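Worksheet for the structure shown next.
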Amino acid sequence: MSFVVKMNGAQNNGMNGNGVHHVSVRAHVSVNPAKLKSHRQRWNVRPSEMSKKTLNPIRAIVDGMKLTPNPEKPMIALSIGDPTVFGNLPTDDTVLQAMKEAIDSHKYNGYAPSVGYQKSREAVSNFYSCPEAPLEGKDVILTSGCSQAIELAISVLCNPGDNILVPRPGFSLYKTLAVSMGIQVKHYNLLPEKSWEIDLQHLESLIDDKTACLIVNNPSNPCGSVFTKDHQHKILAVASRNCIPILVDEIYGDMVFPGCDFQPLAPLSSDVPILSCGGLAKRWLVPGWRMGWILIHDRNDIFGTGIREGLIKLSQRILGPCTVVQGALESILNDTPPEFYQGTISFLKSNSEICFSELSTVPGLNPVMPTGAMYIMVGIEMEHFPDFQNDVEFTERLVTEQSVFCLPATAFEYPNFFRIVVTVPEEMMIEACIRIREFCARHYRPRSQDSHELDQ
């Protein structure tokens, strides 16, 4: 038995001038044509388990809501955590100029290292380094927004089957990422009556031998709260006692109102290793630029080389954040004037005070005054609103009747509250509060639904 193999252009190696080579094989070798075919007889393309486990609670809830605004009233969206939506909070001219210069230099059109340009990493480390928590360029991983920083941090600290501790109410991305990776989420409670401090006893009760990470968000989304130094020391004490590393989400760092101090967590830690996630998005009002970072704080070398190497390897799955923004980063951090930050904070505080003042006198609502970030949480005394079963129905009808869209706090694992974004123009904030008041006045009942029905 033999095959004839024709090799184009072949002149040597035992072949004739036509490139034909006779290959003999043993007679007992047989080729079953059926085995050359795929065993698959029909199309069977299925989504991955990871994709099926991926669920954004905000999208899942909002997409299921019947959001038909009142056509007689213009829509006021108080639901989106994007400070650029209404155009009233532009970034500073120095930030834009830094970007223009980076583009004009033609230096930043190619690939950067997956962890970012060394010069850009050093710019971040210099900006955030302090004597209590010194940083060098090697301690910074640049990422595509703070969201990717959080993803890398969870990925490097946790394995499938582990669990992480997440605030309730809290930013939904933590759960979205963890569950998609096969990591269990345990929610620890925040206390509205204590300006959303952590219930430390509840937190510690959740820790077991599978707990890989504690996530702390300060200043908070969705609460707008800022932890005191004393409270953060108590959080660190829990982590230290139980040898649990901390992922701290500080994307709203320094966005705190006058009279309230923001204290980063890492300088307060004597032993707990910390991955601090941040970025340009909120403080510099450029969320679309997708520039984030992880600051590795590990003064006692508890992470060792493994976590650092792991972060580098994980960062290599994609080639990092936008190189043009990296090129502008040093100037953005060093040249943005303090007046820009102060102007943003002053506006956010003023809008928060307007919102709190207006809604705190509305029967059935209990707003919690924030001290930072861009949000205010408002409690709903559901027993006084028998027309609605929960916060989702309440906020859905608020859109239908008043064209005001607030995010139901069920999206943050915290029912019977809703979140208001305070970045809208002041006149829009006032108008929204007037409409919320009208809505509540229409549906408020002084007694429970059962008592009300007995009186009919």
Side-chain angles (χ1 to χ4, degrees), residues 47 51-86 168-176 179-180 187 221-223 355 358-359 362-368 374-425 427-446 448-450 452-453 456:
S51 71
K52 289 192 284 186
K53 290 177 183 175
T54 301
L55 176 69
N56 184 326
I58 294 178
R59 288 265 50 90
I61 291 167
V62 172
D63 290 348
M65 296 173 72
K66 300 182 182 72
L67 300 175
T68 307
N70 183 337
E72 297 179 1
K73 299 187 177 186
M75 185 70 169
I76 302 177
L78 305 177
S79 57
I80 306 169
D82 181 347
T84 72
V85 169
F86 296 96
R168 179 172 54 203
F171 184 37
S172 60
L173 182 69
Y174 311 138
K175 181 177 180 180
T176 298
V179 171
S180 74
H187 292 99
N221 175 11
C223 302
C355 187
E358 291 294 323
L359 298 187
V362 175
L365 297 185
N366 295 305
V368 182
M374 313 186 316
Y375 312 102
I376 181 169
M377 285 278 276
V378 182
I380 314 167
E381 297 175 1
M382 293 305 304
E383 67 272 18
H384 291 298
F385 296 97
D387 294 343
F388 316 113
Q389 290 189 3
N390 51 45
D391 57 307
V392 176
E393 287 190 10
F394 182 98
T395 51
E396 185 178 78
R397 285 280 291 278
L398 182 57
V399 173
T400 303
E401 296 181 19
Q402 295 290 343
S403 296
V404 174
F405 184 23
C406 305
L407 208 57
T410 291
F412 306 106
E413 307 282 343
Y414 209 75
N416 303 334
F417 273 74
F418 60 89
R419 187 193 74 174
I420 289 176
V421 178
V422 297
T423 57
V424 300
E427 63 274 13
M428 199 175 283
M429 186 87 265
I430 294 170
E431 173 64 20
C433 290
I434 291 171
R435 294 190 200 176
I436 293 171
R437 180 183 292 275
E438 290 176 359
F439 176 81
C440 290
R442 179 177 180 183
H443 294 282
Y444 180 83
R445 302 291 180 270
S448 70
Q449 185 175 12
D450 292 339
H452 178 69
E453 288 176 348
Q456 301 299 308

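Only a predicted model underlies this, so the values are computations on that prediction, with no experimental measurement involved.
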**Message:** Show, in sequence, the C-alpha distance, side-chain angles and deciding distance for Phe385 and His443, and conclude whether the ring pair (Phe, Tyr, Trp, His ring centres under 6.0 Å) test is met.
**Reply:** CA-CA 6 Å; Phe385 296 97; His443 294 282; 7.6 Å; no

**Item:** Test log, rule salt bridge (Lys or Arg N to Asp or Glu O under 4.0 Å), inputs Arg442 and Glu438
**Value:** CA-CA 6 Å; Arg442 179 177 180 183; Glu438 290 176 359; over 6 Å; no

**Asked** So, does Ser172 use its side chain to make a donor-acceptor pair with the main chain of Pro57 at under 3.5 Å?
**Response** no

**Message:** Check the orientation of Phe439 and Phe388. Use parallel for under 30°, tilted for 30 to 60°, and perpendicular for over 60°.
**Reply:** parallel

**Thr395 and Leu407: CA distance, side-chain angles, deciding distance, side chain to side chain contact (heavy atoms under 4.5 Å, CB included) verdict** = CA-CA 7 Å; Thr395 51; Leu407 208 57; over 6 Å; no

**Prompt:** How far apart are the closest heavy atoms of Cys223 and Met377, and which atoms are they?
**Reply:** CA-CG, 3.8 Å

**Asked** If you take all heavy atoms of Arg435 and Pro74, which pair is closest and at what distance?
**Response** NH1-O, 2.8 Å

**Prompt:** Any side-chain heavy-atom pair from Leu78 and Met429 closer than 4.5 angstrom?
**Reply:** yes

**Request:** Just say parallel, tilted or perpendicular for the rings of Tyr174 and Phe171, cut-offs at 30° and 60°.
**Result:** perpendicular

**Request:** Considering non-hydrogen atoms only, spot the tightest contact between Glu401 and Lys73 and give its length.
**Result:** O-CD, 4.3 Å

**Request:** For residues Arg445 and Asp387, determine if any side-chain heavy atom of one lies less than 4.5 Å from a side-chain heavy atom of the other.
**Result:** yes

**Request:** Please report the shortest heavy-atom distance between Pro222 and Phe412, naming the atom on each side.
**Result:** CG-CG, 3.7 Å

**From Thr400 atom OG1 to Asn70 atom CG, the distance as rounded to the nearest 0.5 Å** = 8.5 Å

**Request:** Begin from the C-alpha positions of Met75 and Val399 and carry the test side chain to side chain contact (heavy atoms under 4.5 Å, CB included) through to its verdict.
**Result:** CA-CA 8 Å; Met75 185 70 169; Val399 173; 4.1 Å; yes

**Prompt:** Are Glu358 and Ile430 close enough, and set up right, to give a side chain to side chain contact (heavy atoms under 4.5 Å, CB included), and what steps lead you there?
**Reply:** CA-CA 8 Å; Glu358 291 294 323; Ile430 294 170; 5.9 Å; no

**Message:** As an exercise, state the distance from CZ of Phe418 to CD1 of Ile436, rounded to the nearest 0.5 Å.
**Reply:** 5.0 Å

**Message:** Looking at Thr176 and Leu55, would you say the former's side chain and the latter's main chain have a donor-acceptor pair under 3.5 Å?
**Reply:** yes

**Asked** Would you say Asp391's side chain and Ala409's backbone share a donor-acceptor pair under 3.5 angstrom?
**Response** yes

**Asked** How long is the span from the OG atom in Ser180 to the NZ atom in Lys53, to the nearest 0.5 Å?
**Response** 8.5 Å

**Fill in**
In this structure, SG of Cys440 is separated from NE2 of His384 (nearest 0.5 Å) by 12.0 Å

**Side-chain heavy-atom pair Ile80, Val421 within 4.5 angstrom cut-off** = no

**Prompt:** For the residue pair Tyr375 and Gly81, what are the closest heavy atoms and their distance?
**Reply:** OH-CA, 3.6 Å

**Message:** For a side chain to side chain contact (heavy atoms under 4.5 Å, CB included) check, start with the C-alpha distance between Thr423 and Thr84, then their side-chain angles and the critical distance, and finish with the verdict.
**Reply:** CA-CA 8 Å; Thr423 57; Thr84 72; over 6 Å; no

**Asked** CD1/Ile380 to CG/Asn390 distance, rounded to the nearest 0.5 angstrom?
**Response** 8.5 Å

**OG1-CZ distance between Thr410 and Arg419, expressed to the nearest 0.5 angstrom** = 13.5 Å

**Complete:** In terms of heavy-atom contacts, Ala77 and Val424 come closest through O-CG1, 4.0 Å

**Request:** Kindly indicate whether the side chain of Ile376, heavy atoms from C-beta on, has any atom under 4.5 Å from the side chain of Leu359.
**Result:** no

